[in-house]
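Excluded from the calculations below are hydrogen atoms, water molecules and symmetry mates; all remaining heavy atoms, backbone and side chain alike, are included.
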Amino acid sequence: MILSDGTIRALLAEGRLVVAPLEPEQIQPASVDVRLGNGFLVFRNHSAEVIDPYERPSDLMDLVSVRPGNAFVLHPGEFVLGTTVESIGLPDDLVARVEGKSSLGRLGLLIHATAGFVDPGWPQGQITLELSNVATLPIRLWPGMKIGQLSFHRLDRAAERPYGHPGLNSKYAGQQGPVASRYGRSHQPAGARRRAGDPGTIDALGPDDPGR
């Protein structure tokens with residue numbers, strides 16, 4: 001079930017749902033508009049050799065902060081991480097979906113690649129956006145512009161293990177600003193090791209391998 005504007009307002013008033021800061025006109029018939037923050041994480045193409053989800057070097061991305069009155073120029077084919085101005089907080093029985101704005105999509109701007117889902121129990125924090133330009137011309141991104149919208153969906157019952165539960169590998173609780181991937185070694189496949197002398201390659205271990 002997708003929540004309507006009246007239900008969204010009621011949950012905000014009760015404090016069960018948090019979207020802050022929030023202006024009344026941001027609430028749409030079945031969603032809440034979110035605005036673009038002024039921080040962007042960009043890949044260091046001039047120095048980073050490769051992206052390895054298990055070994056993300058500290059210098060893979062740079063943070064660019066855009067000064068008031070200026071725009072960030074997103075070039076064709078470029079991918080950067082941005083953030084919402086708003087911090088979001090969800091109860092254990094709601095999830096949120098990050099959706100693009102139709103008018104911006106028609107210009108070739110995508111605001112998420114695969115991470116359009118916000119888990120139940122998400123503690124108050126900003127949402128990282130995966131911004132890409134599939135147009136043939138650069139796009140100016142203005143901090144404060146309406147960049148997307150959140151729709152809210154009610155679960156059939158409260159989650160037994162919401163985001164942040166000790167049994168889950170929750171890595172982004174309370175994030176502020178654009179946050180880079182924390183995929184890390186916690187997701188390394190079981191029975192895998194790095195090839196000696198080649199930290200960028202993983203071998204699967206056989207049943208008789210002494211490394212098991």
Side-chain angles (χ1 to χ4, degrees), residues 1-40 66 68 71-72 74 80-134 139-168 170-179:
M1 178 188 300
I2 300 176
L3 302 190
S4 68
D5 51 358
T7 303
I8 291 171
R9 289 190 183 94
L11 291 173
L12 289 168
E14 295 169 8
R16 297 192 64 236
L17 172 64
V18 176
V19 182
L22 180 67
E23 300 296 332
E25 61 270 18
Q26 289 178 247
I27 301 178
Q28 301 300 315
S31 66
V32 173
D33 285 337
V34 290
R35 297 162 294 176
L36 181 64
N38 70 337
F40 301 87
V66 178
F72 181 92
L74 187 67
V80 302
L81 298 180
T83 184
T84 59
V85 169
E86 294 78 14
S87 289
I88 314 301
L90 297 177
D92 294 351
D93 61 349
L94 287 185
V95 300
R97 299 288 308 186
V98 181
E99 311 287 355
K101 300 290 287 183
S102 173
S103 296
L104 295 178
R106 298 176 197 208
L107 298 176
L109 177 66
L110 306 182
I111 71 165
H112 74 79
T114 61
F117 184 82
V118 187
D119 286 291
W122 173 261
Q124 190 167 346
Q126 293 172 320
I127 304 299
T128 293
L129 303 171
E130 304 157 338
L131 303 164
S132 57
N133 179 0
V134 297
I139 299 174
R140 286 195 181 110
L141 301 178
W142 296 91
M145 69 185 291
K146 291 181 179 179
I147 193 70
Q149 54 195 330
L150 295 175
S151 61
F152 302 96
H153 305 245
R154 196 185 300 276
L155 302 180
D156 60 345
R157 61 177 181 176
E160 295 178 355
R161 300 201 305 169
Y163 195 91
H165 185 278
L168 300 176
S170 303
K171 300 179 289 295
Y172 304 102
Q175 64 184 9
Q176 297 295 313
V179 176

Short side-chain to backbone donor-acceptor contact, [X] and [Y], under 3.5 Å:
| X | Y | answer |
| --- | --- | --- |
| His112 | Val98 | yes |
| Gln124 | Ser87 | no |
| Gln149 | Gly100 | yes |
| Asp92 | Pro120 | no |

Met145 vs Leu104 side-chain heavy atoms within contact, under 4.5 Å: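 Yes, side chains in contact.
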Using a 4.5 Å cut-off on heavy atoms from C-beta on, say whether the side chain of Ser31 contacts that of Glu99.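 Glu99 does not reach Ser31 side chain to side chain.
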Is there a side-chain contact (heavy atoms from CB on, under 4.5 Å) between Arg97 and Ile2? Walk through the geometry before answering. CA-CA 10 Å; Arg97 299 288 308 186; Ile2 300 176; over 6 Å; no
Return all side-chain donor-acceptor pairs below 3.5 angstrom for residues 18-26, not counting sequence neighbours, or 'none' if the list is empty.
{"from": "Gln26", "atom 1": "OE1", "to": "Glu23", "atom 2": "N", "distance (Å)": "2.9"}
{"from": "Gln26", "atom 1": "NE2", "to": "Asp33", "atom 2": "O", "distance (Å)": "2.7"}
{"from": "Gln26", "atom 1": "NE2", "to": "Glu86", "atom 2": "OE2", "distance (Å)": "3.1"}

Any chance you could measure [X], atom [atom1], to [Y], atom [atom2], to the nearest 0.5 Å?
| X | Y | atom1 | atom2 | answer |
| --- | --- | --- | --- | --- |
| Arg154 | Leu3 | CZ | CG | 5.5 Å |
| Ser4 | Ile27 | OG | CD1 | 10.5 Å |
| Met1 | Thr7 | CE | OG1 | 8.5 Å |
| Ile127 | Leu150 | CD1 | CG | 6.5 Å |
| Phe40 | Leu129 | CZ | CG | 9.0 Å |
| Asn38 | Thr83 | CG | OG1 | 9.5 Å |

side-chain contact (heavy atoms from CB on, under 4.5 Å) between Ile147 and Val34, intermediate numbers included: CA-CA 6 Å; Ile147 193 70; Val34 290; 4.3 Å; yes
Going through the distances and angles, do Asp119 and Val95 end up as a side-chain contact (heavy atoms from CB on, under 4.5 Å)? CA-CA 5 Å; Asp119 286 291; Val95 300; 5.8 Å; no
What are the two closest heavy atoms between Gly121 and Pro162, and how far apart are they?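 Closest heavy-atom pair between Gly121 and Pro162: CA-CB, 4.0 Å.
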Which atom pair, heavy atoms only, marks the closest approach of Leu94 to Leu155?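 Taking every non-hydrogen atom into account, N-CG, 4.4 Å.
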Which residues share a ring pair (Phe, Tyr, Trp, His ring centres under 6.0 Å) with Phe152, sequence neighbours left out: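 Scan of Phe152 (ring pair (Phe, Tyr, Trp, His ring centres under 6.0 Å), adjacent residues dropped) gives none.
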side-chain contact (heavy atoms from CB on, under 4.5 Å) for Leu131 and Leu81? Distances and angles first, verdict last. CA-CA 6 Å; Leu131 303 164; Leu81 298 180; over 6 Å; no
